[in-house]
Amino acid sequence: MNARPTPAEILRSNGLPHRRMEDWKYTDVRSVADADSFQVGAHASATISFSNAIEAAGLEGETIPNWASSAIASLAPSSAMDAAARSYVDFSEVFRVPAGKRIDVPLRIEYSGRGHGAAAIFVEANASAEIEVVYSATVKGEINTSLLVFIGEDAHASLTVAAPYARELVLVNTISVAQDRNSQFQAQVVNGGARLSRMEMNVILNGEGAEADLSGVSVLGDEAHADITTRITHASPHTTSRQLFKKVAGGKSRAIYQGKISVKEGAIGSDSRQTAKALLLSDRAEADLKPELEILADDVKCAHGAAVGDLDQESLFYLRSRGIAEDEARSLLIHAFLQEVVDGIDDEKMRASALEFIDKGMAWAMIEAS
Amino acid sequence: MLDIQNLHVAVDGKEILKGLSLSIRAGEVHAIMGPNGSGKSTLSYTLAGRAGYDITEGSIRYKGEDLAALPTEERAARGIFLALQYPVEIPGVTTMTFLKTALNAQRRARGESEFDAVSVLRLVREKAAALKVPEEMLKRALNVGFSGGEKKRLEVLQMALFEPSLAILDETDSGLDIDALKTVAEGVNALRGPERAMLVITHYQRLLNYIVPDRVHVLAKGKIVREGGKELAHELEAKGYEAIVKDAA
């Protein structure tokens, strides 16, 4: 029996992404890792725990059914990293939320170990699921994960990703989403970066009327690096995408946003909005925002904006002239900058945890680069 | 209360104030009038401690202390309040949150106990009603989408709330129609008292019909060129700045 290639073999034959590749210009994985870095002993695997509610939805049997394998294969890996992580998907990491079923307890995927990991979740027609991806701040080493989410007709999936600053972590996370007719997808990312962090979200709006809404807050300090790269493909008519990403970068950190929107031929009436803003808190912090549009259909609406700025001195003076000490005034203005993203979070519990995350991250971000 | 001697202030290396002297006692209201570019706003920003306004010569003493040594927020805590000509819009911070944060920051700096949310709300509501500031405004982001009149009323509301010892009103009349001007002036007059000094900076005499000053100073090219009682404002209105400034020279 031919053993399938290991993730290390995949990385060796494809090479690790590096800065001379257009899409990886700001995130040179090759400079911090090699093909074997992601391995731990004989069994390289990130720890994925589906801690609740998922039993009811897990696939029966020990092999991935054909319909699932072909769906997974239909979404081509976006990089060697994605391909390597995905080679690890087996039956235990494929989940199904059956048609019409609404899961009100989030599916939780927690990465606390190093290595490669992957999971695929099928949210069938009219079903609804919340997915939480959590990275522990204490993780060291290298993690490479892929998550595939298939959202059926009229189904709804929401995804939250929380990754606090992990100074000694190299993290590559690729999320691929395929959406059927009139489905809805919402994603919210809060992250604090890592030694190197790449969060990719590739969403294909396959069915007419599908809607995707992505937002994120990055609060960076120290030497954190956080790259959020999105690729949204409007493949059918009347599809909608919304993106709002805000970044605060202090210390010697580096915030990156690359957002590509492709509107395919025939995807008429598509509506796409993309906003990315970064606030630099120190002279040595850096932000690179790169929006990209490719429109091959008529009658579409695409709006995008990107801006990098400093804290507004006028506002800072105003607050201080009212007795608010400089640090508190800065913190108030940073919160105000991020508030727009927080306001967009419908779920109260998630909103509270996003705010808590921001407060913690801010302590890092506000330390001046030494 | 405030004693300014031979004040020279430079902004971006350019000298704007060139030897200004001015003295205000508690309980007095002084007006500073002057043409555009005479240094009126530079004086107000310097008193509030804005970065970039460098004192190159002279001194400012406030309640006997050297003001230049104090950071902006400490000046506020010690009772200096500047009502800005153009209050800043801050999206993402509600007006109520701002008022509470500022009030408690000042109290904390003075070693006083902080107010809880309910007490602040009660206090703000009471002051807001007197100034015809609708409660809905307090829930909106600070100054965002406020009309000129609303912004100025909010400045006076802050003044009522913080109860400063020295209030500086920088062109508080600009952009106001006559009704808004009256409301704002009434608010300011209600705060006149024996313990409080005010410095009203304005281009036009109009405001001074409503807030009647004890002394009027004419500022031109960075210096006080004339001083007098409230009748000086009327003389300026009648003759224009040019004549007065020329006479003084």
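Naming: A, B, ... by sequence-line order, numbering from 1 per chain.
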[X] versus chain A, the contacting section by heavy-atom distance below 4.5 Å:
X      : result
B/A48  : both
B/R50  : both
B/R107 : neither
B/L84  : both
B/L99  : neither

Any salt bridge linking [X] with [Y]? Criterion: basic side-chain nitrogen under 4.0 Å from a carboxylate oxygen.
X      : Y      : result
B/R196 : B/E163 : no
A/D343 : A/R351 : no
A/E292 : A/R231 : no

task = Measure A/E326 against the heavy atoms of chain B and call it side chain, backbone, both or neither at under 4.5 Å.
result =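 Its backbone and side chain both get close to chain B.
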Portion of A/L338 that has a non-hydrogen atom of chain B nearer than 4.5 angstrom =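 No part of A/L338 comes within 4.5 Å of chain B.
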ask   = Would B/H203 and B/S174 satisfy side chain to side chain contact (heavy atoms under 4.5 Å, CB included), going step by step from the backbone distance to the final call?
value = CA-CA 9 Å; B/H203 186 93; B/S174 68; over 6 Å; no
task = May I ask you to check if A/K246 and A/F337 form a cation-pi contact, with NZ or CZ under 6.0 angstrom from the six-membered ring centre and within 45° of the axis?
result =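 Relative to the ring axis of A/F337, which defines the angle, A/K246 lies inside both limits.
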message = Please evaluate residues A/Q274 and A/I232 with respect to the criterion side chain to side chain contact (heavy atoms under 4.5 Å, CB included), reporting the C-alpha separation (whole Å), side-chain torsions for both, the decisive distance (0.1 Å), and the verdict.
response = CA-CA 10 Å; A/Q274 179 196 54; A/I232 312 279; over 6 Å; no
ask   = Which one of A/E340, A/Q339, A/R320 has the most heavy-atom pairs closer than 4.5 Å to chain B?
value =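 Top count of heavy-atom pairs under 4.5 Å with chain B: A/R320.
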